[in-house]
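Shown next, in structure tokens, is the structure this report addresses.
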Amino acid sequence: MKFEQISVIIGATDEDESLRKTVESIMENCDRRDIAKIIIVISATASQGCKNAIEYLKENYGDIVFSMVQKRKYVGGAIRDGFDIAESSHLMLLPADMAIGLDCVPEMIERAKKEPDVIAKTSRWMKDDAFHGYSPSKKIMNRLSQIFLRVLFRENLTDFTNSVQTFPSYVHKNGNWQEEGFPYLLEMVLLPLRMGVKFREFPAECFEREEGKSKNSAGQTAMYLKTALRIRFTPKNKLFRVTE
């Protein structure tokens with residue numbers, strides 16, 4: 001396939017300044033001809049500050065910024081809603097809380113241009129001291145998760161649990177996606193892996209959020225294991241969407 005344009009999907013609920021900075025960074029540091037849309041998907045209970053930020057961005061950047069209220073439930077459902085309406089050769093997922101260093105955005109686009117059939121994926125474990133604001137215990141748990149998934153899937157990715165990546169839109173269209181909660185973020189990596197899509201990782205820094213409140217929970221995190229096991233042991237042919 002050929003890279004044409006990319007749609008950037010951002011899910012937001014109570015982010016304000018960080019959402020503005022994220023979109024501004026995209027527009028300032030990327031070739032605008034590469035951007036089809038920046039699709040901001042919000043929940044029905046999004047804060048007024050978040051809505052005000054979106055209106056500000058629309059006023060400054062026009063039709064390239066599009067917003068919608070999610071139809072499916074939870075964070076995974078919101079992201080899938082955004083992917084569904086995108087009309088571009090490639091898709092990118094970004095957080096609204098600046099949890100990842102935004103210098104990865106132009107890098108992901110350039111990599112998609114060079115290898116359009118490959119998923120260009122960020123990794124927090126390819127660079128020393130890439131975690132900022134994370135407690136030692138949280139880093140240890142993350143590291144152990146990577147080791148477990150590497151053994152389970154027999155793959156050499158360094159960061160299975162980070163879903164900030166750029167990928168061909170046909171991956172979304174062809175995948176039999178099941179998750180709507182936070183485990184969808186893991187499914188975004190594991191399902192394409194088992195579908196046979198190639199990945200190329202590159203280093204990126206990550207940060208604890210400074211704005212808004214995390215919607216994740218211990219219960220949601222525990223569901224990651226169920227998702228990983230389901231994808232690993234589902235027959236490969238059932239991982240693809242059935243089209244009539």
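Both backbone and side-chain heavy atoms feed into the values below; hydrogens, waters and symmetry mates do not.
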Q.
In this structure, is the centre-to-centre distance between the rings of Phe83 and Phe167 below 6.0 Å?
A. yes

Q) Is any NZ, NE, NH1 or NH2 atom of the basic residue among Glu187 and Arg80 found under 4.0 Å from an Asp or Glu carboxylate oxygen of the other? A) no

(Q) Tell me which one of Thr161, Asn142, Asp159 satisfies side-chain hydrogen bond (donor to acceptor under 3.5 Å, both in side chains) with Trp125. (A) Asn142

Q) Any salt bridge between Asp84 and Arg72, counting N to O under 4.0 Å? A) yes

**Q.** Atom pair CD1 (Ile231) and CE (Met195), whose distance is rounded to the nearest 0.5 Å
**A.** 11.0 Å

Q: Would you mind telling me which of Ile40, Ile42, Asp97 makes a side chain to side chain contact (heavy atoms under 4.5 Å, CB included) with Leu19?
A: Ile40

Q. Is a salt bridge present between Glu110 and Lys113, judged by a nitrogen-to-oxygen distance below 4.0 Å?
A. yes

Q) If we only count heavy atoms from C-beta on, is the Val41 to Ile79 side-chain gap below 4.5 Å? A) no

Q.
Would you compute the distance between atom CD1 of Ile109 and atom NZ of Lys114 and round it to the nearest 0.5 angstrom?
A. 13.0 Å

Q: Before accepting this row, confirm whether a basic side-chain N of the pair Glu107/Arg111 lies closer than 4.0 Å to the acidic partner's carboxylate O.
A: yes

Q | For Glu201, side-chain hydrogen bond (donor to acceptor under 3.5 Å, both in side chains) partners two or more places apart | A | Thr158

**Q.** Ser25 side, atom OG; Arg20 side, atom CZ - distance, nearest 0.5 Å
**A.** 14.0 Å

(Q) Rounded at 0.5 Å granularity, tell me how far CD1 in Ile35 sits from CD1 in Ile6. (A) 6.5 Å

Q: Flag the pair Phe3 / His90 as yes when at least one side-chain heavy-atom distance between them is below 4.5 Å, and no otherwise.
A: yes

